[in-house]
Amino acid sequence: CRSPSGPRALVANLTAEEKAGLFLHDASAVPRLHWPAYNWWSEALHGVARLGLATSWPQVIGVGATFDRDLFWRLGDLTSTEARGKAAGEGHTYWAPNVNIFRDPRWGRGQETPGEDPALTAAYGVRFVRGMQGSHPKYLKVSAAVKHFLAYSQETDREGFAAVVSAQDMEDTYLPAFRAGVVEGGASGLMCSYNAETFGAGVLGPGTQGGAVPSCANQYAISDVARGQWGFRGYVVSDCYAVSRITDRHHYAATPTDAIFAALSAGMDLECGNTMSAATMIDVYRRNATIAHMADRALETLFETQLRLGWADPPSGVPWARYNSSHVDTEEHRALAKVAADRSLVLLKNVRETLPLEAPASGRFRVAVLGPHANATSAMQGNYAGDAPFLISPCQGLAALADVQCIAPEECKVGSASGCWSSAAEAAVGWADAVVLALGLDQTQEQEGLDRADIVLPGGQSALLERVAAATARGRGR
């Protein structure tokens with residue numbers, strides 16, 4: 001780490017008005033110091049997201065299924081290379097990886113995590129963070145923030161629920177991946193979550209929800225555990241509008257100023273949201289010396305992160321400063337994404353050794369492709385994705401290998417599969433040597449803000465499967 005003298009000197013040279021605009025994710029510029037505006041919010045769940053063209057590799061739940069630690073690192077390295085290639089004044093601080101535990105299979109964001117195992121999740125977090133941040137002794141390639149700290153694993157009432165977690169369960173289940181990401185991975189960022197948890201304590205005392213303290217106000221978790229026990233020296237950012245939720249959902253603080261006091265006391269540095277607006281923070285600096293002192297400390301931490309990214313140094317001295325679009329969507333990156341996709345596939349069953357399929361002695365193999373995902377393209381990217389250079393559906397991919405009949409009418413949908421079966425589908429099954437039935441979920445069934453109610457295939461897909469199975473028993477398809 002760099003000496004704190006640089007950040008401290010920067011903060012000491014700022015006026016209260018200049019400081020006040022630096023606490024939100026879309027931080028203001030400081031023209032007097034030639035310090036540009038900066039958006040701290042960039043995403044990189046499985047490739048650079050929401051910034052245009054990028055190499056998109058499988059959702060993390062699939063990557064976790066590879067159990068390939070070297071691959072975890074390589075994907076982080078690929079992503080940070082493209083991040084530097086795309087960056088032009090922003091895109092250096094990424095809020096990834098998600099190392100929450102996929103404890104309930106109905107959780108809408110389980111797709112973003114390596115799975116239910118704390119050890120695997122920790123291994124993924126360590127390698128991905130290392131790949132993202134690089135190993136330079138002075139500079140970060142990009143900054144990776146592990147999220148969502150702490151016991152966050154449901155979308156239903158996610159902004160107001162209180163997780164009841166014992167100290168034992170916290171130590172065994174929820175903390176290991178964060179600890180590993182910080183201690184072994186060297187993560188330079190940490191995102192505190194929307195929810196409250198019964199583990200920990202805050203400066204305002206026990207919370208109103210059975211004593212639970214909102215994560216972004218949890219002084220014990222952030223300052224005592226992460227910063228004190230683990231030695232975390234990076235910045236802490238709130239999930240978006242989580243500071244507001246300290247007041248209006250958790251009722252832990254009576255006023256926005258109290259919420260700011262609780263969050264800064266806990267060790268949070270930056271808000272994604274609007275509670276710590278410039279207008280609010282200038283009033284804080286003028287009226288509350290205690291909060292102002294903590295706010296200065298937070299700014300030092302934020303400047304430290306930017307300095308580690310090379311912001312104050314000539315581009316010639318920063319190894320990745322001259323990366324450009326030629327480092328994005330390269331053939332090498334496409335090849336690695338293909339490797340990740342291949343290795344993420346898991347064969348659960350192979351009754352009668354149906355696979356691998358054997359080509360006929362003469363002619364082309366005949367395949368019928370049915371189901372709501374037969375023509376899937378964007379659905380395969382999941383959430384938090386970049387713009388893939390191309391998307392190949394199951395029908396398109398199989399058509400390159402066999403004679404294909406693709407029966408996927410407009411009314412055949414993930415949430416309503418009754419329209420997937422027809423006389424044409426039945427005829428295709430009878431014609432085919434093999435049937436590929438593309439079933440499953442998409443973002444209409446689970447995503448950020450949306451949990452599933454059960455774990456069955458949605459929209460009558462199970463009934464479709466049974467009809468296809470019955471038809472194949474009568475015909476030649478497998």
Using distance alone, with no hydrogens and no angle criterion, decide if Q154 and N195 have a side-chain donor and acceptor under 3.5 Å apart.
no
For salt bridge (charged side-chain N to carboxylate O under 4.0 Å, His left out), just list the numbers for D269 and R227, CA-CA rounded to whole Å, side-chain angles, deciding distance to a tenth of an Å, and then say yes or no.
CA-CA 13 Å; D269 305 295; R227 295 197 187 278; 2.8 Å; yes
Measure from the side-chain N and O atoms of R8 to the backbone N and O of R297, and report whether any donor-acceptor pair falls under 3.5 Å.
no
Set out, in order, the CA-CA distance, both residues' side-chain angles and the distance that settles side chain to side chain contact (heavy atoms under 4.5 Å, CB included) for F23 and S277, then state yes or no.
CA-CA 7 Å; F23 293 95; S277 66; over 6 Å; no
Check: N274 and S244 side chains under 4.5 Å, non-hydrogen atoms:
yes
Taking NZ, NE, NH1 and NH2 as the nitrogens, is one of them in R452 or D442 under 4.0 Å from a carboxylate oxygen of the other?
no
Output the distance between atom CG (L336) and atom OG1 (T79), rounded to the nearest 0.5 Å.
9.0 Å
Under 4.5 Å between any side-chain heavy atoms of K86 and V48, yes or no?
yes
Using distance alone, with no hydrogens and no angle criterion, decide if E82 and H333 have a side-chain donor and acceptor under 3.5 Å apart.
yes
Please identify each residue that fulfils side-chain contact (heavy atoms from CB on, under 4.5 Å) with C412, with sequence neighbours left out.
P372, P409, C420
Please determine whether side chain to side chain contact (heavy atoms under 4.5 Å, CB included) holds for the pair V142 and R84, giving the CA-CA distance in whole Å, both sets of side-chain angles, and the decisive distance to 0.1 Å.
CA-CA 7 Å; V142 300; R84 279 286 182 170; 4.3 Å; yes
Rounded to the nearest 0.5 Å, the CG atom of L140 sits from the CD atom of Q133 at a distance of 5.0 Å
Please report the C-alpha distance between F199 and Y220 in whole Å, then the side-chain angles of each, then the deciding distance to 0.1 Å, and finally whether the ring-ring contact (aromatic ring centres under 6.0 Å, His included) criterion is met.
CA-CA 9 Å; F199 173 89; Y220 178 75; 5.5 Å; yes
Could you give me the CA-CA distance, side-chain angles and deciding distance for D248 and R245, then say whether salt bridge (charged side-chain N to carboxylate O under 4.0 Å, His left out) is met?
CA-CA 5 Å; D248 62 20; R245 305 294 89 89; 2.9 Å; yes
E304 with R233: basic N within carboxylate O range, under 4.0 Å:
no
Tell me if a side-chain donor or acceptor on S28 pairs with a main-chain N or O of L22 at a distance below 3.5 Å.
no
Do the numbers put K147 on top of the ring of Y194, so that NZ or CZ is under 6.0 Å from the six-membered ring centre and no more than 45° off the axis?
no
Mind checking whether I291 and I260 have side chains closer than 4.5 Å, heavy atoms only?
yes
Test D454 against R106 for salt bridge (charged side-chain N to carboxylate O under 4.0 Å, His left out), laying out the working first.
CA-CA 6 Å; D454 52 48; R106 298 172 297 177; over 6 Å; no
Is there side-chain contact between V414 and P458, with heavy atoms separated by less than 4.5 Å?
yes
Does V225 offer a backbone N or O that forms a donor-acceptor pair with the side chain of Q229 under 3.5 Å?
no
Donor-acceptor pair between Q443 and Q111 side chains, under 3.5 angstrom
yes
Would you say the ring centers of F72 and F128 fall short of 6.0 Å from each other?
no
Output field: ring centroids W95/Y384 closer than 6.0 Å:
no
When you check the side-chain N and O atoms of Y139 and D313, is any donor under 3.5 Å from an acceptor?
yes
Ignoring hydrogens and angles, state whether a donor on the side chain of D169 or T173 is under 3.5 Å from an acceptor on the partner side chain.
yes
Please determine whether side chain to side chain contact (heavy atoms under 4.5 Å, CB included) holds for the pair W107 and Y152, giving the CA-CA distance in whole Å, both sets of side-chain angles, and the decisive distance to 0.1 Å.
CA-CA 10 Å; W107 182 31; Y152 172 47; 4.2 Å; yes
Taking Y285's backbone N and O only, do any of them form a donor-acceptor pair with K19's side chain (distance below 3.5 Å, no angle check)?
no
Can L309 and T93 be said to form a side chain to side chain contact (heavy atoms under 4.5 Å, CB included), step by step?
CA-CA 9 Å; L309 290 164; T93 45; 3.8 Å; yes
Are W320 and H136 packed together at the side-chain level, in the sense that at least one heavy-atom pair is separated by less than 4.5 angstrom?
yes
Tell me if a side-chain donor or acceptor on Q306 pairs with a main-chain N or O of G310 at a distance below 3.5 Å.
no
Between D283 and T280, a side-chain donor and acceptor under 3.5 Å
no
N/O donor-acceptor pair under 3.5 Å between T66 side chain and V63 backbone:
yes
Crowding at CZ, R69 (>12 non-hydrogen neighbours, <6.0 Å):
no
If we only count heavy atoms from C-beta on, is the L270 to V236 side-chain gap below 4.5 Å?
no
Would you call D70-R127 a salt bridge at under 4.0 Å N-O?
no
Counting N and O atoms only, with roles assigned by atom type, does the side chain of S265 sit under 3.5 Å from a partner on the main chain of A262, one being a donor and the other an acceptor?
no
Does either side chain, that of T81 or that of K141, offer a donor lying less than 3.5 Å from an acceptor on the other one?
yes
Modelled atom types, side-chain donor and acceptor of Q381 and S56, under 3.5 Å:
yes
Should the pair F149 and F178 be assigned to parallel (<30°), tilted (30 to 60°) or perpendicular (>60°) ring geometry?
perpendicular
Is there a side-chain contact between V456 and Q461 (heavy atoms, below 4.5 Å)?
no
Starting at CD of E184, measure out to CZ of R179 and round the result to the nearest 0.5 Å.
9.5 Å
Heavy-atom donor-acceptor pair, R109 side chain to T113 backbone, under 3.5 Å
no
Pair listing, disulfide bond (SG atoms under 2.5 Å apart) test, anchored in residues 117-217, at least two apart
C192-C216
Interatomic distance, CD1@I246 vs CG@D258, rounded to 0.5 Å, equals 10.5 Å
May I ask you to test the L24-W40 pair for a side-chain heavy-atom distance under 4.5 Å?
no
Under 3.5 Å, is there a donor-acceptor pair linking the side chains of E448 and N383?
no
Between the side chain of S153 and the main-chain N/O of F102, is any donor-acceptor distance below 3.5 Å?
no
Check: D26 main-chain N/O paired with N39 side-chain donor or acceptor under 3.5 Å
no
Quick check on I455: does its CD1 atom have over 12 non-hydrogen neighbours (other residues, nucleotides or ligands) under 6.0 Å away?
no
Between the OH atom in Y38 and the CH2 atom in W41, the distance rounded to the nearest 0.5 Å is 13.5 Å
